[in-house]
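Some notes on the structure that comes next.
Both ligands and their constituent atoms are indexed starting at 1 by order of listing. Count residues from 1 along the sequence. All values derive from a computational prediction rather than experimental measurement.
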Amino acid sequence: MNDCIFCKIAEGAIPCKKIYEDDEMLAFHDVAPQAPVHFLLIPKKHIPSLMDCADGDSALLGRLMTRAHRLAAENGLLERGGRFVINCGQDGNQTVPHLHIHVLGGRPLGWPPG
Ligand code: 5GP
Ligand code: ZN
């Protein structure tokens, strides 16, 4: 049995505030937003992290990145920008082991990360 929370969201078994969906990806608002705009874009395919991607995932990754910036623009980030984040593994503080791109903006974002 797949206990992955983002797979369950992708299947519709757990509700989310969806902002985009197609055959291979889903975007939804983060349940604990860290900025006025904070949503997640995930592939429906279960890939644990970016570190687990293979050459065969290149086209999917490209489409995810393209969709991420389109959705960022549609959600008000075109003029002032924002941040696209992929946390990976233990040191990256990844808490959900299903690849996801955070899209954040709507306020100035600090750097470097803590
Ligand atoms: P990570 O720390 O793995 O990079 O990010 C996981 C993100 O998923 C966190 O920002 C967290 O708030 C969000 N998250 C965790 N569980 C849920 C959920 O059930 N629904 C939604 N919408 N977001 C979630
Ligand atoms: Zn998953």
Side-chain angles (χ1 to χ4, degrees):
M1 182 182 159
N2 182 358
D3 277 336
C4 173
I5 191 165
F6 284 179
C7 281
K8 288 180 176 165
I9 288 175
E11 292 161 5
I14 292 178
C16 70
K17 289 187 183 169
K18 188 190 306 183
I19 61 171
Y20 176 81
E21 181 172 19
D22 65 24
D23 287 349
E24 60 181 359
M25 65 186 80
L26 176 71
F28 52 95
H29 292 284
D30 196 293
V31 75
Q34 301 301 310
V37 176
H38 185 183
F39 62 86
L40 306 172
L41 179 62
I42 67 169
K44 291 185 174 178
K45 173 184 175 182
H46 181 80
I47 301 172
S49 89
L50 190 63
M51 303 295 193
D52 298 294
C53 287
D55 286 350
D57 296 313
S58 297
L60 172 62
L61 290 172
R63 289 192 290 272
L64 283 165
M65 294 305 292
T66 302
R67 184 57 59 186
H69 83 65
R70 282 190 195 161
L71 291 173
E74 289 168 15
N75 283 271
L77 305 188
L78 187 59
E79 187 183 346
R80 291 181 56 91
R83 189 163 295 156
F84 303 84
V85 174
I86 301 177
N87 294 323
C88 284
Q90 190 175 346
D91 281 355
N93 211 11
Q94 182 180 4
T95 59
V96 178
H98 180 127
L99 175 64
H100 50 283
I101 303 170
H102 292 259
V103 180
L104 297 132
R107 67 168 172 83
L109 299 161
W111 190 266

Under 3.5 Å, side-chain donor or acceptor atoms of residues 68-89 against the rest of the protein: list the pairs with distances, not counting sequence neighbours.
unit_1 : atom_1 : unit_2 : atom_2 : d
Asn75  : ND2    : Leu71  : O      : 2.8
Arg83  : NH1    : Gly110 : O      : 2.8
Arg83  : NH2    : Leu109 : O      : 3.3
Arg83  : NH2    : Gly110 : O      : 3.4

Let me have the donor-acceptor pairs involving side chains of residues 47-58, under 3.5 Å, with sequence neighbours excluded, atom names and distances please.
unit_1 : atom_1 : unit_2 : atom_2 : d
Ser49  : OG     : Met51  : N      : 3.0
Ser49  : OG     : Asp52  : OD2    : 3.2
Asp52  : OD2    : Ser49  : N      : 3.1
Asp57  : OD1    : Lys45  : NZ     : 2.7
Asp57  : OD2    : Ala54  : N      : 2.9
Ser58  : OG     : Asp55  : O      : 2.9

- the Zn ion (ligand 2): protein N, O or S atoms [distance under 2.8 Å]: Cys4 SG, Cys7 SG, His46 ND1, His98 ND1
- Item | Residue pair Asp30 / Pro33: nearest heavy atoms and the distance that separates them | O-CD, 3.5 Å
- His29 vs His38, side chain to side chain donor-acceptor pair (under 3.5 Å): CA-CA, chis, key distance, verdict: CA-CA 6 Å; His29 292 284; His38 185 183; over 6 Å; no
- Enter the distance from Asn2:CG to Lys8:NZ here, rounded to the nearest 0.5 Å. 7.5 Å
- Does any N or O in the side chain of Arg107 come within less than 3.5 Å of the main-chain N or O of Gln34, such that one atom is a donor and the other an acceptor? yes
- Query: Going from NE2 on His100 to CG on Leu41, what distance comes out if it is rounded to the nearest 0.5 angstrom?
  - Reply: 11.0 Å
Between ligand 1 and the protein, find all N/O pairs closer than 3.5 Å and give the distance for each.
unit_1   : atom_1 : unit_2 : atom_2 : d
ligand 1 : 2 (O)  : Asn93  : O      : 3.2
ligand 1 : 2 (O)  : Thr95  : N      : 3.3
ligand 1 : 2 (O)  : Thr95  : OG1    : 2.8
ligand 1 : 3 (O)  : Thr95  : N      : 2.7
ligand 1 : 3 (O)  : Thr95  : OG1    : 3.2
ligand 1 : 3 (O)  : Val96  : N      : 3.0
ligand 1 : 3 (O)  : His100 : NE2    : 2.9
ligand 1 : 4 (O)  : Asn87  : ND2    : 2.8
ligand 1 : 4 (O)  : His100 : NE2    : 2.9
ligand 1 : 4 (O)  : His102 : NE2    : 2.8
ligand 1 : 5 (O)  : His100 : NE2    : 3.0
ligand 1 : 5 (O)  : His102 : NE2    : 3.1
ligand 1 : 10 (O) : Asp30  : OD1    : 3.2
ligand 1 : 10 (O) : Asp30  : OD2    : 2.5
ligand 1 : 12 (O) : Asp30  : OD1    : 2.5
ligand 1 : 22 (N) : His29  : O      : 2.9
ligand 1 : 22 (N) : Val31  : N      : 3.4
ligand 1 : 23 (N) : Val31  : N      : 3.3

- SG (Cys7) and CD1 (Ile14) are apart, to the nearest 0.5 Å, by 10.0 Å
- Item | Member of Glu24, Glu11, Glu21 meeting the side chain to side chain donor-acceptor pair (under 3.5 Å) criterion with Lys44 | Glu21
